[in-house]
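Worksheet: the structure to be examined is printed underneath.
Below, read A as the first sequence line, B as the second, and so on, with proteins coming before strands; counting in each chain starts at 1.
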Amino acid sequence: MADADGNLILPAMESILSTGLAEVEQLLSGLNEAQREAVVHPEGPLLILAGAGSGKTRVLTHRLAYLVHQGVPPDRILAITFTNRAAREMAERVERLLGERLGGLPWLSTFHAACARILRANAERVGLTANFSIYDQQDSRRLIKNLLEEEGYDPKRISESRIQQEISAAKNRLLDAAAYRSQGVEGELEEAAAAVFARYEQALLEANAVDFDDLLLHVVRLLEGAEEVRDHYMRRFLHVLVDEYQDTNPVQYRLLRLLVKDRPGSRNLAVVGDDAQSIYRFRGADVRNILEFQRDFPEAKVVKLEQNYRSTQLILEAANGVIASNRRSLEKRLWSELGEGEPVYVSGLPDDLAEAYFVVEELERYLGEGGRLSQAAVFYRTHSLSRVFEELFNRTGIPYRLVGALRFFERAEVKDVLSYLRLLVNPWDHVAFARALGAPRRGVGEATLARLQAIARERSQPAVELAGEPEVVGGFAGKPARGLREFASLYGHLAGLRAGGATVAELIETVVSASGLGEALEAEGVEGAERLENLGQLVAMARERERELGGPLPLEEFLQQTALSEGEEEPGAEGAVTLTTLHNAKGSEFPLVFIVGCEEGLIPHINSQGEEDLEEERRLFYVGLTRAMRRLYLTYAYSRYRFGRRRYDQLPSRFLGELPREVVVDPRLGGVGAGAAVPGSFAVGERVAHDLFGAGTICGFEREGVVKVRFDDGALRTLLLEHAKLRRL
DNA sequence: CGCTCGCCGTTTTTT
DNA sequence: ACGGCGAGCG
C-alpha cells in the first residue's frame, strides 16, 4: 500500500475534474461545526486544537480529501504524521474517502521518510550520494563507541549512549559539532561529546551515511543553502498538513517554516495537535511550537475541537481531573455525549503476578459479557512490564499482540542479513561492513578489522574492496586472511547476482545460505529455529512488496523501508489483546483499557522527577486514560520484580491521588468512589500525615474504613480510619 | 589473535 | 533475565 517513503500508492486516475457537489456534501456530512470549519478552511495557516478523541484524524483525512476535491493535485500535498502506523492509517482512510478519484499520490509519510525522499534526490548537495545508508540508533551507537575509544575515553566511565543523547539533542537544536563546541562545553561528558561529535560527523560522511537526526538536518541545510531547491519544494507543496504538531522539535519546526514561510500567496500550513498530549520532550520536542503558532502565523485561523466522541463521561472526568494539575496553556473543555458510563476502577494488588491475574480475570469477565479481546488493551510505562503479562497470557491461552517491543528490523539476525545488503548498496558503510564481516564469525577479530579499516581510509577505498587480497593489501595471514578472502568472495558473488537482476528475496536467501548464517542458526536448536523463521519472514516481506509493486523492488527502496519502519504488524491481530507502552498508545482507542503499574517510579518514572518532567509524565498518563472508550482499569502492585530483584516498597502513583474521588471505585470494595468506603474520603496515591507515624502515602483499602498506608520510614501499616485521624497533606 | 563462557549493570519513552 | 565484557583457552 505504501512505497519506500511510506507514501500512499493508489491506482492512478487521469481526471479529477468531475467533482460533484453531492460528493463534497457527503465528505462534510457527519462532521460537527468545528470539524467542518477546519476541513473547508480555504487558504492560509490553520491551527486545529484537537482534544483527545475529538476526531482529529477524521478532520485531517477529510481535509486532505476535500482539498483534492477542490482541485489540488494530490502530489502537491504534503501530509506529515509522526509514526508509520499513523501514515498508513491515514492513507487507508483517504483512499476510502476518495476511492479511485485520486490522480497522483499525496506525500503522506513521517518527517523522516519525507526527508529521506528529498535527500535522495539532492544527496550530492550535502556531500552524500543517493545510495546513502540510514543508521538506526544501534548503528550510530556502535560508531560513537568506536570513536569514543579512539579519542581515548573509557566507555565504562562515559557511556556511549549518553554521548549519543547529547549529540542527538544538539542536532535537534540545529547545532553542528562546531556550533556545539562554541556554545560552551562544560565537564567531562560535554567535552567528550564535543570531541566525538566532530569525528562522528566526519565518519558519517565517510561512510556515506546519515542517522535519524541527519535526515531532517541535512534537508534543513539543503533548503537553507540552495535557493533554487528551496524554491522548488516551496512551490511544489501547495498545502502542508502536520499531525501531532505538539511533538515537533526545533528542526522540524524550521523545516516547516522553510517550506511555507515565504511562499508566494498563502502560507498553507495546517497543523493539528493538543498541548495536553505532548509526550516527546525527551527527544527534543518543544511544545512551544504549538503554543506560539499564532505568533508565528498571525493570520492563522484557529479551530478548537472540544467534543469527545470516544469516551464516556466519567472516564473523561478522570482524565480532566488529572491533567488539571498541570499548568494549563491552551484552554480546552472536553465534553462527551456518550453518557455517564462506568466509573474508573482502581485496584491495588499484592504483586505483579497478581496484577496480571487480575487483568486476566477482568478480561474473562468482559468476554462473558460478549466483548472481544481485540477491543482490549494493556498499557504500561516501560516495556519491561510486558513480560509478566506475556507469560500469563501464554499460560492461560489468551492471544495477545505485542506492539513495538523488540522491533523486527532490530533483531540481531535480521540486522546481520540486512548489513550485507546495505554494504551491497553502499560499500562505504563501515558499520555494515563490520557487522556483516562478523556474522557469522569468520576468524576475523577486532584487531584485523581496525587495521583493515585504517588502510582503507588511507587509500580512500572501501574496505570490502580490499578484503579480497588481504596478503597483498596489508600483509594479513592465517585465519584472518582466509576469513577476509571468504567474505570478499561472497560479496562479489552477491554483487554479481544483483547486477544480474536478482530480486531482493533471492539476495536475502543467498546471504542466509551462502554466508553460513543459516547453518549457524540451525545448529542452535529452538531459539535458532525461531531466528531462522524471522529471516524467512524477511524474505516473505520482500516478496510481498514485490508483488504489490508488480515489478522489481529496488534494493535501496527495500532498505530504506526497513530503516524507517518498525515492520509489519504482528500477525494474529484479530481477536488478540493489545499490549503496548503508553507512548505507543497514542493515536489508538479501545473499549476496554488497563493501565498497569500505576506506581511511583514507573509513572511518573524514576528518571523523570523534575517539574517539567513530571508534567510530561502526567500528560503521558492522560494520554493513556483518554484511550479508553467504555471501561478503564488502573492497577498497581505493592511488590514487583524489577532488575532481577523483588521490590517491596512500591507505592501507588501520585497520579491516582489526582483522580476526582467521585469517578473512582475499587472493584473489590464495591461502592462508588474511594470516598464511599472511607470517612474523610482519602484516595489511593494521596499523601497523608499521622500523629505518631508521620507522613505517608495511601496505598489502598482493606475494606470499608480500613486503610493501608506506606509511611516514609518504609513501614506498611493497616489503620482504622475512625481512630487513626489521618490528615491530608 | 579470536572465540566462548560466566558475570554485571541494567532500561524510559521513538523516528 | 539479557546483553556487553573480560578472562582464559585454542
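The interatomic distance linking A/K415 (NZ) with C/dG3 (C1') rounds to 15 Å, in whole Å. The nearest whole Å value for the distance from the CD1 atom in A/I279 to the C1' atom in B/dT12 is 12 Å. Rounding to whole angstrom units, CG of residue A/N607 and P of B/dT13 are separated by 10 Å. A/E160 places its CD atom 13 Å from the C1' atom of B/dT10, with the value rounded to the nearest Å.
If you check every strand for non-hydrogen atoms under 4.0 Å, A/R442 touches sugar and phosphate atoms only. Counting non-hydrogen atoms under 4.0 angstrom, A/Y280 reaches the backbone sugars and phosphates but no base. Within 4.0 Å (heavy atoms only), A/K145 reaches sugar-phosphate atoms of the nucleic acid but no base atom. If you check every strand for non-hydrogen atoms under 4.0 Å, A/S384 touches nothing. Counting any heavy atom pair closer than 4.0 Å across all strands shown, A/Q137 reaches a base atom.
The phosphate of B/dT12 has OP1 or OP2 within less than 4.0 Å of a side-chain N or O from A/H605. Residue A/R441 places at least one side-chain N or O closer than 4.0 Å to OP1 or OP2 of B/dC3. Distances shown here put every side-chain N or O of A/T448 at or beyond 4.0 Å from the OP1 or OP2 atom of B/dC1. Taking 4.0 angstrom as the limit, A/N584 places a side-chain polar atom (N or O) nearer than this to OP1 or OP2 of B/dT14.
Listed by chain and residue number, A/A50, A/D243, A/E244, A/V272 satisfy the side-chain contact (heavy atoms from CB on, under 4.5 Å) test with A/K56 (two or more places apart in sequence, or in another chain). Every residue meeting the side chain to side chain donor-acceptor pair (under 3.5 Å) condition with A/R627, not counting sequence neighbours, appears here in chain and number order: A/Q277. Evaluation of the side-chain contact (heavy atoms from CB on, under 4.5 Å) rule for A/Q137 yields A/R141, A/Q164 as partners, not counting sequence neighbours. With sequence neighbours left out, A/S489 forms a side chain to side chain donor-acceptor pair (under 3.5 Å) with no residue at all. Every residue two or more places apart in sequence or in another chain that forms a salt bridge (charged side-chain N to carboxylate O under 4.0 Å, His left out) with A/R640 is listed here: A/E355, A/E599.
Base-pairing analysis of DNA chain B finds the following stems of at least three consecutive Watson-Crick or G-U pairs, with both pairing distances under 3.5 Å: B:1-9 with C:2-10.
Note on A/K415 versus A/D139: salt bridge recorded, some NZ/NE/NH1/NH2 to OD/OE distance being below 4.0 Å.
No side-chain donor-acceptor contact under 3.5 Å links A/Y622 and A/N326.
Below the 3.5 angstrom threshold, one finds a donor paired with an acceptor across the side chain of A/R381 and the base of B/dT13.
Checking A/V444 against A/L620, the closest nucleotide of DNA chain B that is more toward the 5' end is the one next to A/V444. Between A/F212 and A/I606, the one whose closest nucleotide on DNA chain B sits nearer the 5' end is A/I606.
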